[in-house]
Engineer: 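Handing you a structure now.
Both counts, for ligands and for their atoms, begin at 1 and track the order of listing.
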Amino acid sequence: MKPLTTEIPEQFKVELIEQRTYLIDGKLLTWEGETAEVYSSIHTEVDGERRPTRLGSTPSLGKEEALLAVDAAHKAYDRGQGLWPTMKVADRIKCMQTFVEKMKTKRELIVTLLMWEIGKNFPDSQKEFDRTVEYINDTIADYKDMDRDSAKFYKQDGIHAHIRRGPLGVVLCLGPYNYPLNETFCLLIPALIMGNTAVFKPAKHGVLLIAPLLEAFQESFPPGVVNVVFGRGRAIASPAMQTGKIDVLALIGHSSSANALQKLHPKQNRLRLVLGLEAKNPAIILPDADLDLAVAECIAGTLSFNGQRCTALKVIYVHENIAETFNRKYSEAVDALKFGLPWEDGVKLTPLPEPSKPAYIQGLIDDATAKGAQVLNAKGGTHFENFIWPAVLFPVTKDMLVYQEEQFGPVVPILTFKHIDEPLDDMAESNYGQQVSLFGKDVKALAPLIDTLVNLVCRVNLNSSCQRGPDVYPFTGRKDSAVGTLSVHDALRSFSIRTFVASKDNEYNNAILNELLDTKKSNFVSTDYLL
Ligand code: G3H
């Protein structure tokens with residue numbers, strides 16, 4: 001494998017970021033305590049030696065700051081009486097529009113940091129930024145629609161009702177390292193726009209790229225609405241949960257973290273969960289599948305961003321009659337992928353952001369080969385600095401760790417099946433239930449399969465890889481894969497609750513309602529059409 005060049009194009013050079021400020025109660029506070037070093041897994045040469053590149057540092061905030069952040073969010077929510085939760089929808093939208101305009105000015109820096117911090121290639125880093133901006137704009141548009149639909153009264157059994165959706169309270173927002181901007185904002189943005197206040201702790205990797213947005217948060221929202229704190233999950237999230245002042249845990253990550261945090265809340269029944277968790281999405285390749293199409297989609301599904309996507313295809317079931325051809329074509333396609341630095345043209349495989357990941361992947365390969373699997377592709381398992389070439393493992397059996405664990409990285413287990421019940425039974429027994437990719441053509445075979453698969457997962461991708469987008473479609477999962485639904489439309493509902501004003505239909509009440517509407521004194525009771 002050729003060594004990675006350390007020549008960095010001018011456009012992609014970054015200056016060290018020694019982040020010292022954090023945002024609490026509308027103030028950018030300066031930290032003088034311990035800090036955490038931030039390294040890129042992209043190695044560069046320092047004093048004749050290749051090492052992970054130092055990118056800067058962030059504050060290692062602790063319990064004290066976590067509690068201050070929770071208090072600030074709690075004060076801004078003020079038990080539902082705060083400026084933000086009672087504000088007119090149109091005014092909250094204006095704040096969000098201000099934010100997104102300011103965010104757009106940071107595109108270049110954030111895209112470059114995505115490449116350095118998590119090794120995401122240039123097109124995907126650009127896409128992550130642009131998709132997030134689009135998500136915010138779509139959220140604003142959907143919220144307007146929701147408001148328009150609610151700008152009316154119902155009458156049932158002599159009772160008028162004016163029904164809207166209201167906020168839930170304080171949201172603790174924790175995002176993942178693989179989409180440190182997009183997935184985190186897919187939680188934070190709908191939470192905020194619905195009138196909640198938030199404590200947001202960026203992910204461990206992909207943390208510096210949040211720094212350029214602190215001022216935008218500060219300038220766009222009232223004090224305390226968004227509080228951004230840097231530090232370890234245990235130091236920040238755990239004490240925050242223990243206060244009992246967190247009303248919503250919004251987390252994209254592992255169910256073990258979600259369960260541990262949930263347990264810390266003194267009143268678990270009060271805690272709403274919005275969770276995107278682990279998955280082990282299978283590809284099922286039927287005997288009549290178009291193999292070239294299946295190979296191309298499985299390459300994208302298994303190995304985009306080195307397999308570090310919750311929606312990645314993490315196990316392939318191929319019918320035994322076509323296994324040999326599929327395995328050969330797929331393995332060749334894996335070895336033909338281009339490895340390099342994120343900004344190089346056409347690069348698909350890049351260094352992994354977690355320092356311990358290559359050793360973990362190697363462990364899965366060793367376990368599988370010790371139990372009878374082979375590495376099908378010539379380059380599989382080749383190491384270079386923090387990179388490991390994807391290994392295609394075959395035949396994989398259920399006693400292998402690579403079958404049992406969510407590998408979240410570049411290793412692909414392949415199993416064969418004779419009868420379709422075999423993958424279906426495995427999926428039914430699995431702890432996960434996010435998506436599946438189904439490759440085939442014969443409608444007689446596909447129809448009953450689809451009817452079963454939709455009850456095992458929440459998205460059946462026909463002849464295509466699994467993915468979250470387009471973001472207007474529902475993104476969720478069964479079993480240990482998710483709690484709640486996150487599309488543009490559904491997320492607004494996940495972060496709110498229906499609440500309404502009811503009044504008996506009589507002259508006395510009706511006069512009051514009319515006056516409320518005429519004087520426009522209430523921000524909630526309103527039939528105004530939001531343009
Ligand atoms: O990590 C999980 C992401 O939601 C995947 O999103 O399918 O658009 O890559 P994606």
Engineer: Tell me the contacting part of Arg131 for ligand 1: side chain, backbone, both, or neither, using a 4.0 Å heavy-atom threshold, strictly below.
Structural biologist: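 The answer is the side chain.
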
Engineer: Heavy-atom contact under 4.0 Å between Phe305 and ligand 1?
Structural biologist: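 No, that is not the case, since the closest heavy atom of the residue is not under 4.0 Å from the ligand.
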
Engineer: Would you call Gln308 a ligand 1 contact, heavy-atom distance under 4.0 Å?
Structural biologist: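 The answer is no, since Gln308 has no heavy atom less than 4.0 Å from ligand 1.
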
Engineer: So, do Lys398 and Asp426 sit near enough that their side-chain heavy atoms are less than 4.5 Å apart?
Structural biologist: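 A side-chain contact under 4.5 Å exists here.
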
Engineer: Which atoms of ligand 1 are found less than 4.0 Å from any heavy atom of Glu183?
Structural biologist: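 Near Glu183, meaning under 4.0 Å from one of its heavy atoms, ligand 1 has 1 (O), 2 (C), 3 (C), 4 (O).
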
Engineer: Do Lys280 and Gln407 get their side chains close enough for a donor-acceptor pair, meaning under 3.5 Å?
Structural biologist: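 Their side chains do contain a donor-acceptor pair, which is all the 3.5 Å distance test asks for.
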
Engineer: Consider every N or O of Arg309 and every N or O of ligand 1, then say whether any pair is closer than 3.5 Å.
Structural biologist: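 N/O-N/O distance under 3.5 Å: yes.
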
Engineer: With a cut-off of 6.0 Å (strictly less than), are more than 12 heavy atoms of other residues, nucleotides or ligands near CG of Asp451?
Structural biologist: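 Above 12, so yes.
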
Engineer: Counting heavy atoms only, name the option from Gln467, Glu128, Arg468 that's nearest to atom 6 (O) of ligand 1.
Structural biologist: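 Closest candidate by heavy-atom distance is Arg468.
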
Engineer: Evaluate Gln467 against Tyr473 for side-chain hydrogen bond (donor to acceptor under 3.5 Å, both in side chains), listing each step before the verdict.
Structural biologist: CA-CA 10 Å; Gln467 61 178 49; Tyr473 289 156; over 6 Å; no

Engineer: Less than 6.0 Å separating the ring centroids of Phe217 and Phe99?
Structural biologist: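 So the answer is yes for these two rings.
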
Engineer: Tell me whether the NZ or CZ atom of Lys120 lies within the 45° cone about the ring axis of Tyr179 and under 6.0 Å from its centre.
Structural biologist: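 Lys120 over Tyr179 ring: yes.
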
Engineer: Going by the atom numbers of ligand 1, which of them fall below 4.0 Å from some non-hydrogen atom of Phe475?
Structural biologist: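 Close to Phe475: 4 (O).
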
Engineer: How far is atom 9 (O) of ligand 1 from its nearest protein heavy atom, and which residue and atom name does that atom have?
Structural biologist: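 In this structure, atom 9 (O) of ligand 1 has Tyr179 OH, 2.3 Å as its nearest protein heavy atom.
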
Engineer: Any idea which protein heavy atom is nearest atom 5 (C) of ligand 1, and the distance to it?
Structural biologist: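 Ranking protein heavy atoms by distance from atom 5 (C) of ligand 1, first comes Thr311 OG1, 3.1 Å.
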
Engineer: Identify which one of Gln435, Gln434, Arg459 satisfies the side chain to side chain donor-acceptor pair (under 3.5 Å) criterion when paired with Asn281.
Structural biologist: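 Of the listed residues Gln435, Gln434, Arg459, the side chain to side chain donor-acceptor pair (under 3.5 Å) partner of Asn281 is Gln434.
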
Engineer: Looking only at distance, does Cys310 have an N or O less than 3.5 Å from an N or O of ligand 1?
Structural biologist: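 Yes, since at least one N or O of Cys310 sits under 3.5 Å from an N or O of ligand 1.
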
Engineer: Give the intermediate values and the outcome of side-chain hydrogen bond (donor to acceptor under 3.5 Å, both in side chains) for residues Asp366 and Gln362.
Structural biologist: CA-CA 6 Å; Asp366 294 344; Gln362 185 60 52; 2.8 Å; yes

Engineer: Below 4.0 Å, non-hydrogen atoms only: which portion of Ile252 touches ligand 1? Side chain, backbone, both or neither.
Structural biologist: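 No part of Ile252 comes within reach of ligand 1.
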
